[in-house]
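Quick notes on the structure that follows.
The first residue in the sequence is number 1, and the count goes up from there.
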Amino acid sequence: MLPPFLLQWFNIKGMKQIFLACSLFLSILGSSNPVETGHAKASLITNIQDSQQESFYVGVRLEMQEGWHTYWENPGDSGSPFEAKWNVAQGVIVENVEWPTPVTIPYPPLMTFGYEGDVVFPFKVFRAIDADLSSISVDFDFLICADICIPETASLTLDLSSATPNILLDEAIQNLPTEFIQTQSIVEDGNLKTTFKSSQPISSAYLFPRQDNLFTYTPTQELVNLGNNSYEITLPVLNDEAAFISGILSINGEGFQIEEELESASGMSLWQAILFALIGGLILNLMPCVFPVISLKVLSFVSMGGDDNSKIRNHALSFVGGVMSTFLSIATALIIIRSTGSMIGWGYQLQSPVVVGILTLIMLGIGLILLTNINFAAGLTTLGSSVQSRNDYSGSFFTGVLAVVVASPCTAPFMGAAIGYALLQPSFATLPIFLALGLGFAGPYLLLALKPEWISALPQPGAWMETLKQFFAFPMIATALWLMWVFMVQTSGDALILLLLLGLILGIAIWMIATFKGRWKWIGMLATLLAAVQVFNNLPENTIGMVADSSAEQWSLDIESDLQAQDQAYLINFTAAWCITCQTNEKTAFARDKVKEYLAEQNITYIKADWTNRNEEIAIGLARYERTGIPLYIFWKPGMLGSKILPAVLTEDLLIKAMQ
């Protein structure tokens, strides 16, 4: 007789084997009875947990004999995709198949795309609560090929009342190519050249296009490492006028979705991008978001009337230095972050409520300083008589820094295309474009450095300077109020109250600096700093967003393709609370009754994409149009070959005219 502890061990081991056998048996019960079609075994499987679920997946599992294969939605040079005809009760909807990542199946001289071995095709099912869904069935017609091709059929039924989740379907869903990857494509010299980034080394890559009869299919596609985690894959084209690319990019066997308009990319070159950046940077000086900070620089230049030319030149060059170094820093940060695979764009820093909160306090603080008799050049700006009495150029430098930070929510005309192009190029091309943007933005002040005698034409400093200084406080305070609203949209009403309390503490701190003498006057500023650290480290989670526009539909990645398939015209507004140009266009164009009436009369669907908080899907949507910043406005109607990008600055008449 065996010892008791051995009997216990055998009992435990036996129970484990019984449990595994039962699990396997239940998994088999969870699928429909397999149907042998001749060269494959077909069955229905599901991941349903509860018979009352409103949505779940079913999958058609196809176990093909060795050497046989079936086809993807674009089969390549020959073949055809399967057809699935579902038989379901009223109130039940089965969506189209979610295609797994295909593989290349060469049959020289033909190239086909499809699947071999054991494959699962997932379908998502939706049901009304009162719908009868005890079973589900499908007639599955597919073409299976080896040296010959044979059409085969399987009629499959699955009893959902007794079905159990099948792990094979969960694995198939997990491996679906649902993620989008940002690309930039151009058609030239008979080839489609698609550039993309990957932070991981790439051993193999293949682009499977959905469109048929536009490309030449080859066993391999040329892959070039451009450096800086950038790669270029080349696909021969049959039609140089291709305007759109959609498909799956397989990287090391993992699939990623791509969708991209080709029209705007076809003519862009590095020199064009640099020119556009230069012009866009110059126009950026006129955008509303920059005015409050530029007014500080105007004030400091006016206060220098009567100074020697060398001092004026040095202040102007210091401001230019602050602008150029900040543009270079932002470009470097964007390159580093995007090389990791993250999707961010121009103005990304204002998607952080911490940055918005800090900027709010800076703007409020500058406004309060301008209203007091405080004259010091340390900090972010150089004001009043201190500019004349000191050769401290740090104020001019940091005013340039602040001008760029505040300007980043804006995208001026010409600027969007240039930045979109820049962020998909290797660093040797990206940095010159951003430097050209900074040069355009700093251009007027660089000109002043070359011609400092122009300042002499301004009125001499006097008592009127104090009035002008106080007047310029109000744009700064107005900017702080706007940033408070952005902060509330990004966080919550409770967080806004905390920011208002920080503003109150800051006001007391500035009052102490203006009133008291000695070291004690800095106690208030120290308290503000400590309180700010505490508040910004414990911000509540975002609970609200921008007030929903009842006339607008919510944006999604596939909304354009869905509406185009329905021949439905649409207008998309990519916007954010922190984008002043967006909010200005909102009031001067989109919110006008004339525009709303036109959209209703012409049956144009209005869609909003809110990028106030970080959203990688919206970043991908912008990248489809070679953009990384907002505003961006997209219009399409039946009969158009591709979507149309509307101007960045709009009025109601201009918007309506652009849609006609």
Note, [X] side chain near [Y] side chain (heavy atom, < 4.5 Å):
| X | Y | answer |
| --- | --- | --- |
| F56 | F126 | no |
| Y217 | F113 | yes |
| V237 | T216 | no |
| Y598 | Q660 | yes |
| I144 | L62 | no |
| E116 | I105 | yes |
| D139 | E83 | no |
| V58 | L169 | no |

Main chain of [Y], side chain of [X]: is a donor-acceptor contact present, judged purely on distance under 3.5 Å?
| X | Y | value |
| --- | --- | --- |
| E171 | L168 | no |
| E98 | L176 | no |
| D610 | T612 | yes |
| E152 | E36 | no |
| K85 | D141 | no |
| Q221 | A205 | no |
| N74 | P209 | yes |

Residues in side-chain hydrogen bond (donor to acceptor under 3.5 Å, both in side chains) contact with T70, at least two apart in sequence or another chain: none

So, taking the atom named [atom1] in [X] and the one named [atom2] in [Y], what distance separates them when rounded to the nearest 0.5 Å?
| X | Y | atom1 | atom2 | result |
| --- | --- | --- | --- | --- |
| L156 | L44 | CG | CG | 4.5 Å |
| E260 | I181 | CD | CD1 | 11.5 Å |
| T101 | W72 | OG1 | CH2 | 9.0 Å |
| N166 | N47 | CG | CG | 9.0 Å |
| I251 | L207 | CD1 | CG | 10.0 Å |
| E259 | I245 | CD | CD1 | 10.0 Å |

[Y] versus [X], side-chain donor and acceptor atoms under 3.5 Å:
| X | Y | answer |
| --- | --- | --- |
| S203 | N252 | yes |
| S643 | Y570 | yes |
| S135 | D159 | no |

Is it the case that more than 12 heavy atoms not belonging to [X] sit under 6.0 Å from its [atom1] atom?
| X | atom1 | result |
| --- | --- | --- |
| D50 | CG | yes |
| E179 | CD | no |
| N96 | CG | no |
| E95 | CD | yes |

Side chain to side chain contact (heavy atoms under 4.5 Å, CB included) evaluation trace for L214 with L192: CA-CA 10 Å; L214 288 179; L192 171 74; over 6 Å; no

Cationic N near anionic O, under 4.0 Å, K608 to E586: yes

Do the charged groups of R210 and E73 touch, with an N to O distance under 4.0 Å? yes

Check [X] against [Y] and note the closest heavy-atom contact, atom names and distance.
| X | Y | result |
| --- | --- | --- |
| M111 | P219 | CE-CA, 3.1 Å |
| W68 | H39 | CZ2-CD2, 3.2 Å |
| A589 | L655 | CB-CD2, 4.1 Å |
| C582 | Y633 | CA-OH, 3.9 Å |
| N585 | P631 | ND2-CG, 4.3 Å |
| Y115 | P102 | CE2-CA, 3.7 Å |

Give the ring-plane orientation class for F590 versus Y606, where under 30° counts as parallel, over 60° as perpendicular and anything between as tilted. parallel

Just say parallel, tilted or perpendicular for the rings of Y107 and H69, cut-offs at 30° and 60°. tilted

Side chain to side chain contact (heavy atoms under 4.5 Å, CB included), that's the test. Do I607 and T605 meet it? Break it down for me. CA-CA 6 Å; I607 305 158; T605 300; 4.0 Å; yes

Worked verdict on T194 versus Q184 for side chain to side chain contact (heavy atoms under 4.5 Å, CB included): CA-CA 6 Å; T194 297; Q184 184 181 40; over 6 Å; no

Under the ring-ring contact (aromatic ring centres under 6.0 Å, His included) rule, what do F196 and F256 come out as? Steps first, then yes or no, please. CA-CA 11 Å; F196 61 95; F256 297 89; 8.8 Å; no

Using the ring pair (Phe, Tyr, Trp, His ring centres under 6.0 Å) definition, which of the options Y71, F140, F142 pairs with F82? F140

Exactly one of V125, I93, I136 clears side-chain contact (heavy atoms from CB on, under 4.5 Å) with V88, and that residue is I136

Please assess I258 against F208 for the test side chain to side chain contact (heavy atoms under 4.5 Å, CB included), listing each intermediate value before the final yes or no. CA-CA 10 Å; I258 71 162; F208 297 91; over 6 Å; no

Partners of Y57 by ring-ring contact (aromatic ring centres under 6.0 Å, His included), sequence neighbours excluded? none

